[in-house]
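Computed from a prediction, not measured in an experiment: that's the story for all the values here. Throughout, residue positions are numbered sequentially from 1 according to the sequence presented.
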Amino acid sequence: MLLLAATLPAAADTTWPTFTDITDAAGITFKHSVGDLDLSNIVEATGPGCCILDYDNDGLQDIYFVNGRWHPDVSDNRGRSLKGRLKNALYRNNGDGTFSDVTERAGVTGRDDAYGMAASAADFDDDGDLDLYVCNYGRSLLYRNNGDGTFTDITEASGVASPGWALAAPWLDYNGDGRLDLFVVHYLEYDKGEFQRTGAYYKADNFPGPLSYPGEPDRLYRNNGDGTFTDVTQETGLLEPTGRGMGAVAADLDGDGDTDLYVTNDAMANNLWVNDGHGRFTDMATETGTAFGEGGQGVSSMGPFVADVDRNGLLDILVPDMGYSSLMLQARPGFFTDVTAQSGLALLCGQYTGWGGLLNDFDHDGYVDLFIANGDPHHLYVEEATLARYDGKGRFIDMARESGEFFDHKHVGRGAAFVDFDNDGDLDVLMNVIADQPRLVRNDGPRRHHWLTIVPVRSDTGMVALGSTVTVRAGSRTMLHSVLGVNGYLVSSDSRPNFGLGAAGFAESVEIRWPDGRSQVLTDVKADQILKVTAAPKP
């Protein structure tokens, strides 16, 4: 009875926002395709995702959508009419609530011989604009931003095509040399449908799952500083030939000042690659309690999302899956406890198939809340999205029916990203939908709580300093936020840390720990602003 009562809507809560689907009004007409006439295999069922980025440096967040393709390894002959007709899409934020399709001008339509899955953005060449990496089934893509609204495909010259099936590509400075390196997560070796065509597998209502195929190793590419990368997977200790990677997050999970990697694998143990500070990694997932979910068994782990849920200054991990999902709280550095059941998450998620999960403070009360995109894994069967408020006492409260008409509709959800696309201080949601339009859902308040967005930028390039950590103290609460690009399943979200301050009109302190280990502290910072903080030049 306690679990059921804890998930009932908080009827007296007048601070919880309403969310409005503004996809059509915003001019987003992109529609995802599985590259075929029907969804019939694991490749088609896995995507899609997107990337939130400010590609033109105008202070507004733009959107890059990836699309499927007709591919001879994946698609049926009946779908050949789609060959060459499907493109990725870049939408420029006009600043007035609408977006414009600038794909052709920008030159980022994607490869016709590669099936799109995800994308991430970073200024890998330190020239002051965001470059774009596109994860594909086939060969992935690196687009260099030319600084004039166009991109150039430099994949072959850079050495990061990473052939295979890529699902995530977080950027990180793993060795502390000041350059952003690239970690590419690979899923499995798809056999071009032979397993199901030869009759070795037969089931009336679906197709072979991940255990029918061998895994593929992930890859770490070191940035050489001259536009090229070197594969350093083996020498850094990251080679795992059997992994079936669905996602990864690059963050300082143990708080020791360097960047670790958490990789979620499908139907097998996850990996927590702990950085020793000298550029070598050791898998500590079993020792830290992060290898498995749902009480110990291997599950269909999707992309991980990290955030400080219980406000103890340590990053926690959310992993949506096809069952009850998994929430692991870091009680002390390097020690995680699964609280999926007692937090109410199991009850919220058990009836759905979870894919893209978010932990963001949607009502600015100082605690992160929960959004999960849901959808059937084998058919285009629709499900509602999950939305819940964290009560600050260890429980998630179901708020979907209190949050607007969007949550009355069902979709085949996959990747989910968060973004303050209108720069009004609250976080909106972009949910990717398989074989359909994505949904851009605006957070419409009411705005009865204060907020603060901190944008830590490098002094040399003016770009957001990925790998920084921002800690805000306001009232009686201390809130920690890592500056990440990739966080969640198949997506890159708004990298600007956003904090809810509750009733506090200012933050007593804002501390930024920069990627090079230096710290910078601001005091008495006024609320309700987007504050750009530039790192002090190195002495």
- Write out all pairs satisfying side chain to side chain donor-acceptor pair (under 3.5 Å) with one or both partners inside residues 479-494, taking only residues at least two apart or from two chains. D494-R496
- Message: With side chain to side chain donor-acceptor pair (under 3.5 Å) as the rule and sequence neighbours excluded, what pairs involving residues 124-134 come up?
- Response: D126-R458
- Any ring pair (Phe, Tyr, Trp, His ring centres under 6.0 Å) pairs touching residues 509-539, not counting sequence neighbours?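 Residue pairs with at least one partner in residues 509-539: there are none.
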Output all residues satisfying side chain to side chain donor-acceptor pair (under 3.5 Å) with [X], sequence neighbours left out; order by chain, then residue number.
X    : value
N374 : T386
S120 : W171
D256 : none
D148 : T150

For a quick test of your reading: what N or O donor-acceptor pairs under 3.5 Å do the side chains of residues 498-508 make, sequence neighbours left out?
{"unit_1": "N498", "atom_1": "OD1", "unit_2": "H364", "atom_2": "NE2", "d": "3.0"}
{"unit_1": "N498", "atom_1": "ND2", "unit_2": "G425", "atom_2": "O", "d": "2.9"}
{"unit_1": "N498", "atom_1": "ND2", "unit_2": "T453", "atom_2": "OG1", "d": "3.0"}
{"unit_1": "E508", "atom_1": "OE1", "unit_2": "A474", "atom_2": "N", "d": "3.3"}
{"unit_1": "E508", "atom_1": "OE1", "unit_2": "G475", "atom_2": "N", "d": "3.1"}
{"unit_1": "E508", "atom_1": "OE2", "unit_2": "G475", "atom_2": "N", "d": "3.2"}

Non-neighbouring partners of [X] that pass salt bridge (Lys or Arg N to Asp or Glu O under 4.0 Å), sequence neighbours left out:
X    : result
R311 : none
D24  : none
E384 : R401

- What's the verdict on side-chain hydrogen bond (donor to acceptor under 3.5 Å, both in side chains) for D361 and Y367, showing C-alpha distance, side-chain angles and the deciding distance? CA-CA 6 Å; D361 189 354; Y367 293 104; over 6 Å; no
- Message: Give me the atom names and distance for the closest heavy-atom approach of T14 to P446.
- Response: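 What the structure gives for the nearest pair is O-CG, 3.2 Å.
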- Task: Please assess N360 against D369 for the test side-chain hydrogen bond (donor to acceptor under 3.5 Å, both in side chains), listing each intermediate value before the final yes or no.
- Result: CA-CA 5 Å; N360 299 106; D369 308 300; over 6 Å; no
- Side chains of V510 and L452 in contact at under 4.5 Å (non-hydrogen atoms):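 When only atoms from C-beta onward are counted, L452 and V510 do touch, with a gap below 4.5 Å.
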- Message: I'd like to know whether the aromatic ring centres of H411 and F406 sit less than 6.0 Å apart in this structure.
- Response: yes
- Counterpart residues, side-chain contact (heavy atoms from CB on, under 4.5 Å), relative to S519 (two or more places apart):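 S519: side-chain contact (heavy atoms from CB on, under 4.5 Å) contacts with E511, R513.
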